[in-house]
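This structure is a prediction, so every number in the text was calculated from the model and none was measured. Ligands are counted one by one from 1 in listed order, and the atoms in each one are counted from 1 as well.
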Amino acid sequence: MLWIHPLLQFAALLLAVHVLLMGINRFRFQHLKRKCAFNWKRHVLLGKWVAWMWLAGLVLGLYMAVHSWGALGLTGPHYQIGLWMTPFILVGLVTGFILQKPSGKRPAMALTHGAANAIAFVLALYQTWSGVEAVRLLLLD
Ligand code: HEM
Ligand code: HEM
């Protein structure tokens with residue numbers, strides 16, 4: 001059971017690389033006026049998967065920690081940064097829901113969306129690095 005959280009979050013990260021690359025293409029088209037393809041429906045669908053996987057994985061990580069060790073925060077920075085991801089994931093999701101139906105240009109909303117998700121992505125990279133340490137200390141030892 002303890003392995004579900006790390007595996008789920010790692011899978012979400014791999015999917016997030018793809019979703020982020022699509023988003024970067026959209027950014028180049030919108031703001032840098034470059035010709036770039038953007039599969040709107042695919043980005044929205046897979047983006048939702050990433051956001052919900054991150055949120056579900058976060059809750060699962062918390063649940064597993066309490067269930068197994070009776071305490072939160074044993075992983076230190078992995079726990080702290082994990083909680084810090086929540087507002088960025090939520091802003092990315094809410095703005096994504098507003099943007100999902102194409103209806104004219106909303107560059108400021110798109111920028112907010114892209115920035116919130118890019119920050120969540122960088123934090124997820126850190127979570128993977130610190131998560132590997134948590135796997136070594138808590139699951140393998
Ligand atoms: C981790 C997940 C996600 C990442 C990394 C991501 C990243 C990005 C980035 C960088 C952009 C370009 C922003 C810009 O041009 O200023 C973008 C655009 C967009 N995203 Fe996402 N996104 C994610 C999830 C979602 C979700 C969940 C939805 C829908 C519910 C969504 C819908 C959209 C739409 C519709 C656009 C185009 C907006 C426009 O140009 O008007 N994205 N995304
Ligand atoms: C979006 C990414 C992630 C978030 C938001 C997140 C968040 C969390 C949180 C909040 C906890 C509870 C920690 C505590 O109470 O001290 C936790 C536990 C844990 N995390 Fe993560 N984490 C993420 C990714 C990862 C990854 C990629 C790995 C491994 C490579 C990992 C490995 C672990 C392990 C081993 C635990 C102990 C509990 C368990 O195994 O279920 N995490 N995580």
Do the side chains of Leu55 and Met53 join up, straight or via other hydrophobic residues, at under 4.5 Å, putting them in one cluster?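 Leu55 clusters together with Met53.
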Hydrophobic cluster identity match, Leu62 and Val66, side-chain contacts under 4.5 Å: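 In one cluster: yes.
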Numbered atoms of ligand 1 (with element) below 4.0 Å of [X], judged on heavy atoms:
{"X": "Gln30", "answer": "15 (O), 39 (C), 40 (O), 41 (O)"}
{"X": "Lys48", "answer": "27 (C), 30 (C)"}
{"X": "His31", "answer": "14 (C), 15 (O), 16 (O)"}
{"X": "Leu111", "answer": "16 (O)"}
{"X": "Gly114", "answer": "9 (C), 10 (C)"}
{"X": "Val19", "answer": "2 (C), 3 (C), 4 (C), 23 (C)"}

Residue pairs passing the side-chain hydrogen bond (donor to acceptor under 3.5 Å, both in side chains) test where at least one lies in residues 6-15, sequence neighbours excluded: none
Lining ligand 2 at under 4.0 Å, by non-hydrogen atom distance, are residues Leu2, His5, Pro6, Gln9, Trp54, Leu58, Gly61, Leu62, Met64, Ala65, Trp69, Leu72, Gly73, Leu74, Thr75, His78, Tyr79, Gly82, Met85, Gln127, Thr128, Gly131, Val132, Ala134, Val135, Leu139
Name every donor-acceptor pair, under 3.5 Å, that has one atom in a side chain of residues 18-31 and the other anywhere in the protein, sequence neighbours excluded.
residue : atom : partner : partner atom : Å
His18   : NE2  : Arg42   : NE           : 3.2
His18   : NE2  : Arg42   : NH2          : 3.3

Exercise: identify the closest heavy-atom pair between [X] and [Y]:
{"X": "Pro6", "Y": "Leu2", "answer": "CD-O, 3.0 Å"}
{"X": "Leu83", "Y": "Leu58", "answer": "N-CD1, 4.3 Å"}
{"X": "Leu123", "Y": "Met85", "answer": "CB-CG, 3.6 Å"}

Below 4.0 Å from any atom of ligand 1, is there a heavy atom belonging to Arg106?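 Under 4.0 Å: no for Arg106.
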Report the part of Ala110 (side chain from C-beta onward, or backbone N, CA, C, O) that has a heavy atom under 4.0 Å from ligand 1; answer both or neither where that applies.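 It is both parts that get close, each with some atom under 4.0 Å.
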What about Gln100: any of its N or O atoms under 3.5 Å from an N or O on ligand 1? no
Are more than 12 heavy atoms, taken from residues, nucleotides or ligands other than Trp52, located less than 6.0 Å from that residue's CH2 atom?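 It does not: Trp52 CH2 has 12 such atoms or fewer within range.
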Residue Lys35 excluded, over 12 heavy atoms near NZ under 6.0 Å: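 Check fails, neighbour count at 12 or below.
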So which pairs with a foot in residues 90-127 pass ring-ring contact (aromatic ring centres under 6.0 Å, His included), sequence neighbours left out?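 Output for this query lists Tyr126-Trp129.
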